[in-house]
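Take a look at the structure below.
Counting begins at 1 with the first residue of the sequence. Order of appearance sets the numbers: ligands from 1, and atoms from 1 within every ligand. Please read all numbers here as calculations on a predicted model, not as lab measurements.
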Amino acid sequence: MDSHEVLLANYPDGAVEARNFRIETADVPELGPGQVLVRLRRLGLNAGLANRIGGPDTAYGPGIRPGDVPASDGVVEVLDSRSDLFRQGDLAVRKSPWRSVGVAAVEELHRIPTLEADVPLEAHLTVLGHVGFTAYTGLMRFGGVRAADTVYVSGAAGGVGSCALQFAKAVGATVVGSAGSAQKVRLLGELGADAAFNHHDGAALDLLRAAAPDGIDLFYDNVGGEQLEAALEVLRFGGRVVICGAASQYGSGGERRGPANYMRMIYRQLTMRGFDVTSNEDLREDFESDATRWLRAGKIRSVHTVIDGFGRIPEAFASLLSGGNSGRMIVDCDG
Ligand SMILES: NC(=O)c1ccc[n+]([C@@H]2O[C@H](COP(=O)([O-])OP(=O)(O)OC[C@H]3O[C@@H](n4cnc5c(N)ncnc54)[C@H](OP(=O)(O)O)[C@@H]3O)[C@@H](O)[C@H]2O)c1
């Protein structure tokens with residue numbers, strides 16, 4: 001059976017480009033006991049993966065070096081099985097190497113129940129997937145979101161951000177979002193944001209004050225830098241900050257920007273909490289039940305940009321890093 005894989009060809013000289021990757025034919029090993037043969041159908045891409053190119057091994061996975069095949073979450077279909085747990089045709093989510101057909105141990109697979117057969121495959125990589133679980137964990141466990149809150153989400157048109165915005169709305173909160181283009185700001189309105197702004201339109205503090213004139217209670221931060229500083233200025237007494245990511249600081253080396261106004265945390269008795277979603281598996285059942293219910297009730301939807309063709313993974317990844325996506329960047333590998 002034919003299989004192809006995407007490898008890192010060389011380290012980027014500056015921004016990651018499609019030419020930093022190459023595609024090769026891959027061997028498909030014989031199946032052993034407890035293993036399944038899977039075909040990659042949808043692959044989700046993350047900005048954070050760029051941070052691992054040439055970087056150290058972390059909780060999210062090993063550093064990526066030339067010759068390595070990166071991995072990210074994907075929807076796979078079982079083609080053949082040597083396990084009682086999976087049959088041909090079953091669908092599952094797994095952290096998938098960027099390989100069109102490969103062998104997986106059944107423990108790596110998270111089954112997609114047949115009763116979710118009507119849910120579009122992409123949703124398993126967005127509102128029902130890892131980015132959704134990240135948004136849910138940050139908002140519910142570390143942010144303690146409540147219906148009475150005004151929540152500000154930065155990077156709100158991104159994979160995690162678009163879930164955080166919708167989940168906060170689903171619990172009844174008032175939500176302000178920021179994104180990097182007029183088109184993305186329109187999307188935030190369609191997703192139910194009560195106010196939204198383009199962070200390129202001026203100083204973050206002025207834009208945030210105009211969008212949330214009475215202040216905010218909770219900041220769900222995906223980008224850090226100037227937007228974190230602005231949020232600390234407008235948080236009400238006892239406000240909370242959840243640090244999910246710092247996309248504006250990735251790749252900035254020694255030039256990283258911290259919040260110069262962090263002393264407001266004292267006067268306003270603010271709390272700031274970082275988290276790593278991988279230590280919160282005990283919350284997964286609650287997440288799946290809430291997110292599926294909200295999806296069926298039409299309160300949330302999958303927000304994604306789809307690029308067709310396994311061979312376009314490098315291009316899709318490079319485009320993700322230059323802000324070419326609304327919601328999760330997903331490659332449809334069926335074609
Ligand atoms: N804590 C955890 O366990 C955990 C788990 C998963 C992900 N994360 C983190 O969560 C964040 C979001 O992940 P994601 O998968 O949703 O990524 P994503 O879809 O790429 O979204 C990140 C967004 O950040 C914005 N951004 C990038 N550079 C920026 C800059 N210089 N200034 C302002 N905004 C900038 C971009 O939005 P615009 O183009 O609209 O500006 C981009 O869409 C990342 O930082 C990621 O590392 C954390």
So if I apply the side-chain contact (heavy atoms from CB on, under 4.5 Å) rule between Thr126 and each of Ile330, Leu295, Ile300, which one comes out positive?
Ile330
Taking the six-membered ring of Phe275 as reference, does the NZ or CZ atom of Arg141 fall below 6.0 Å from its centre and within a 45° cone about the axis?
no
Is the contact between Val223 and ligand 1 made by the side chain, the backbone, both, or neither, using heavy atoms and a 4.0 Å cut-off?
side chain
Charged N-O contact under 4.0 Å between Arg236 and Asp214:
no
Give me the one residue out of Leu37, Val36, Leu31 that meets side-chain contact (heavy atoms from CB on, under 4.5 Å) with Ser81.
Val36
Here's a test for you: under side-chain contact (heavy atoms from CB on, under 4.5 Å), which of Val160, Asn222, Val176, Leu218 qualifies with Val153?
Asn222
Closest to atom 21 (O) of ligand 1 (heavy atoms only, candidates Gly158, Ala179, Ser162) is Gly158
Would you check whether Gln227 has a nitrogen or oxygen atom less than 3.5 angstrom from a nitrogen or oxygen atom of ligand 1?
no
Heavy-atom contacts under 4.0 Å between Met329 and ligand 1: side chain, backbone, both, or neither?
neither
Short N/O distance, under 3.5 Å, between Asn46 and ligand 1?
no
Lys/Arg N to Asp/Glu carboxylate O, Glu190 vs Arg301, below 4.0 Å:
yes
Within-cut-off N or O pair, Gly180 and ligand 1, under 3.5 Å
yes
Near Phe275, which atoms of ligand 1 are under 4.0 Å from a heavy atom of that residue?
1 (N), 2 (C), 3 (O)
Report, in ascending order of atom number, the atoms of ligand 1 lying under 4.0 Å from any heavy atom of Ala47.
20 (O)
Run the salt-bridge test on Arg240 and Asp217 with the 4.0 Å N-O cut-off and return the result as yes or no.
no
Give the atoms of ligand 1, by number and element, whose distance to some non-hydrogen atom of Ser248 is under 4.0 Å.
29 (C), 30 (C), 31 (N), 32 (N)
Would you check the N or O atoms of Ile243, main chain and side chain alike, for any that come under 3.5 Å of an N or O of ligand 1?
no
Shortest reach to atom 16 (O) of ligand 1 by a heavy atom, considering only Thr278, Asn280, Val160:
Val160
Salt-bridge present (Asp290, Arg293; N to O < 4.0 Å)
yes
Short N/O distance, under 3.5 Å, between His199 and ligand 1?
yes
Between Ala157 and ligand 1, which residue portion shows a heavy-atom distance shorter than 4.0 Å: side chain, backbone, both, or neither?
neither
If you measure from the Lys or Arg side-chain nitrogens to the Asp or Glu carboxylate oxygens, is any gap between Glu108 and Lys95 under 4.0 Å?
no
Specify side chain, backbone, both or neither for Thr134, according to which of its non-hydrogen atoms lie closer than 4.0 Å to ligand 1.
side chain
Please work out, at 4.0 Å between heavy atoms, whether the side chain, the backbone, both, or neither of Ala246 comes within that distance of ligand 1.
backbone
Report the part of Arg328 in contact with ligand 1, treating N, CA, C, O as backbone and CB onward as side chain, heavy atoms under 4.0 Å; options are side chain, backbone, both, neither.
neither
Heavy-atom nearest option to atom 48 (C) of ligand 1, drawn from Ser181, Ser154, Gly224, Cys244
Cys244
Salt bridge between Asp332 and Arg312, side-chain N to carboxylate O under 4.0 Å?
no
Proximal ligand 1 atoms for Val277, defined as those under 4.0 Å from one of its heavy atoms:
2 (C), 3 (O)
Sorted by first residue and then second, give each salt bridge (charged side-chain N to carboxylate O under 4.0 Å, His left out) pair with at least one member in residues 69-82; sequence neighbours left out.
Arg39-Glu77, Arg41-Glu77, Asp73-Arg328
